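Comments concern the structure below.
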Amino acid sequence: MSMASVRFLPCGDTAIVIEFGDRVDHGLNAQVLRLSARVRAQNVPGVIETLPTLRSLLVHYDPLATDSASVTAAIERLLQGSHGAAARSRLWRIPACYEGSHAPDLEDVAKRTGLAADEIVRLHCSMRFHVYMVGFSPGFPYMGDLPESLALPRRKDPRVRVPAGSIAIATSMTAIYPVESPGGWHLIGATPVRLFDARWPRPALLSPGDRVSFEPVGARDYDEIRSAVAANGYEVPCEAIEA
Amino acid sequence: MKPALKILMPGVHTTIQGARRTGYQDVGVPGSGPLDPVSFRLANALVGNAHETAALELLLQGPTCEVLADAVRVALVGCGAGIEVRSGSTRTIPAGESARLTRGEAFRIGPLGDSACAYLAIEGGFDVAPVLGSVSTYVRGAIGGFDGRRLQKDDLVPLRLGGAGIRAESALTRPLDLGIDEPVRVALGPQADYFTGDALKIFLSSVYTVSPQSDRMGFRLEGPPLAHAKGYNIVSDGIVPGSIQVPGSGQPIVLMADHQTIGGYPKIATVVSADLPLVARRRPGRAIRFVAVEVREAERLRKAQEAAIRHEIDALRPMAHAAQ
């Protein structure tokens, strides 16, 4: 892992930011995720948890158990080490309905991009997205990259309420709203599956580094899957892949 | 019937808080836990609890409760207000002292006075199940505490202990210094370089005021705006309790225990962990001044604070038995 462009930024006395760059870039994010995995695997003394983001890693530590200098030195050693085995990843096939009330902004996105609605759906379903990070609200996945023809700025007037399950796009990213929340992204579809449940041992369906593809379903299939999800009778198709 | 506190009036924002929730920030779940860990810890120590036992966090104004247990031992820390007990006559238990209340007694914690935040600990703690490893309430995510929410009228909040034995009560050796006028120390960064030199000077020399739009997620401040040197959008990165982010308005926001885990505004500085309780206790309308220290100094301050807390807990003063 090259150290040339890595910056250690101060974040008070309980965390350090290790910044790999200031762009949304698959390669930078892969470095972030690799370092995150290594910090976790090494059990660096005093480190409580790590938070990978698009382009940096936040490392939380207990200031009564260690200090910034010791954590920095431990991480510098990890950065200098060998790459290790290629990481494994998971590919999720998430059912998505792009019809009617499930896709309130699809027509508007078509107007803005100059693409036909079914071309937008075809493009969105043809991608194998990379989960860059999970945050904003519990279980909210930032996935990319969208084809350039679909890249739009956020809405001028964010919605006060975006329904849970909404599939949205903005800038180079696509996302799914796990719970109802405010939001400024364009809603082009909806999934009936659950993205977050605090009763699960691992409460978020998607983790940083996962891959996601969307499988188009009609409104009737959406309802059926939703009923099955409510009865805990549906599992999202998932397979192990090479990262 | 299961021992409980019955909530007669809930107060402004009363939640169960315990240990911080760790291990789920990478999927968007913040740590939560007490805004003021120092007061929280002293309140638990006064009733003889292990550190991080579930207690009630009170914001601005406390609840009125009825004891539905043979007896409970309670203590309030973090404000100048006391616990008013009504059972025929009225008596007041000052903050910083434990006391034993018996079945049917009602008690009220009114406006917290100078402080925005205080803790009511109860011997044995509350009997709520941990969610994702912690009993702390994260209201926005409906996670933890009592049904994932703040307490409401008529809630029966279950207790672990059905009784509290008669023994000498405890008191702090001196009233807790709330530090209401103390400057708040910060370490600059991680994005101090996103601000003009003037903005950094203004940030460290101005008086900011806590806005009424403050909650467990963040304390919004009002004061001289801080100018960005390179725009107010960054590629989102991680947030910690105490991160001071500055959106396009130039008005800083101190992120607190329920902060979103990632954010897209530059963060000019981070409140040092020893001083986060000072922020937590500032009511809307109170002033905040910031002073910069190095990270190494912040670490020293935290260790010194830890030693002082341990010293105080070791020295808790036993009081003579109250006449029963």
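Values in this document were obtained by computation on a predicted structure and should not be read as measured data. Just so we're on the same page: letters track the sequence lines, and every chain starts at 1.
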Contact origin within [X] toward chain A - heavy atom pairs under 4.5 Å:
| X | answer |
| --- | --- |
| B:Val272 | both |
| B:Asp258 | neither |
| B:Arg185 | neither |

Can you confirm whether more than 12 heavy atoms, excluding those of [X], are under 6.0 Å from its [atom1] atom?
| X | atom1 | result |
| --- | --- | --- |
| B:Tyr265 | OH | no |
| A:Arg226 | CZ | no |
| A:Arg202 | CZ | yes |
| A:Arg194 | CZ | yes |
| B:Tyr232 | OH | no |
| B:Arg20 | CZ | yes |
| A:Glu239 | CD | yes |

Return the option, out of [options], with the maximum number of heavy-atom pairs under 4.5 Å with chain A.
| options | result |
| --- | --- |
| B:Val271, B:Ile143, B:Val240, B:Val29 | B:Val240 |
| B:Leu188, B:Leu301, B:Val295 | B:Val295 |
| B:Gln25, B:Glu294, B:Gln260 | B:Gln25 |
| B:Gly133, B:Ala187, B:Gly238, B:Ser243 | B:Gly238 |

State, to 0.1 Å, how close [X] and [Y] come at their nearest heavy-atom pair, and which atoms those are.
| X | Y | result |
| --- | --- | --- |
| A:Phe196 | B:Leu132 | CZ-CD1, 4.3 Å |
| B:Ser236 | A:Met133 | CB-CE, 3.7 Å |
| A:Val17 | B:Pro190 | CG2-CB, 4.1 Å |
| A:Thr66 | B:Lys303 | O-NZ, 4.0 Å |
| A:Phe136 | B:Thr261 | N-OG1, 3.9 Å |
| B:Gln191 | A:Arg55 | NE2-NH2, 4.4 Å |

Quick one: pull up [atom1] in [X] and [atom2] in [Y] and give me the separation to the nearest 0.5 Å.
| X | Y | atom1 | atom2 | result |
| --- | --- | --- | --- | --- |
| A:Asp67 | B:Arg300 | CG | CZ | 14.0 Å |
| B:Lys230 | A:Asp22 | NZ | CG | 7.5 Å |
| B:Arg302 | A:Asp13 | CZ | CG | 7.0 Å |
| A:Tyr132 | B:Ile262 | OH | CD1 | 13.5 Å |

Minimum side-chain heavy-atom gap B:Glu299-A:Ser68 below 4.5 Å: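 A side-chain contact under 4.5 Å exists here.
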Test log, rule side-chain hydrogen bond (donor to acceptor under 3.5 Å, both in side chains), inputs B:Asp237 and A:Thr53: CA-CA 5 Å; B:Asp237 75 347; A:Thr53 73; 5.8 Å; no
Relative to chain B, which segment of [X] carries a heavy atom at a distance below 4.5 Å: side chain, backbone, both, or neither?
| X | value |
| --- | --- |
| A:Ile48 | side chain |
| A:Ser181 | neither |
| A:Leu57 | neither |

Name the option with the most non-hydrogen atom pairs under 4.5 Å to chain B; the candidates are [options].
| options | result |
| --- | --- |
| A:Pro178, A:Ala198, A:Ser36, A:Gly21 | A:Ala198 |
| A:Gly135, A:Pro138, A:Pro63, A:Ala204 | A:Pro138 |
| A:His60, A:Arg23, A:Glu19 | A:His60 |
| A:Gly139, A:Pro208, A:Pro203 | A:Pro203 |

B:Asp26 and A:Arg40 ion-paired at < 4.0 Å: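 Judged by the 4.0 Å cut-off on N to carboxylate O distance, B:Asp26 and A:Arg40 do form a salt bridge.
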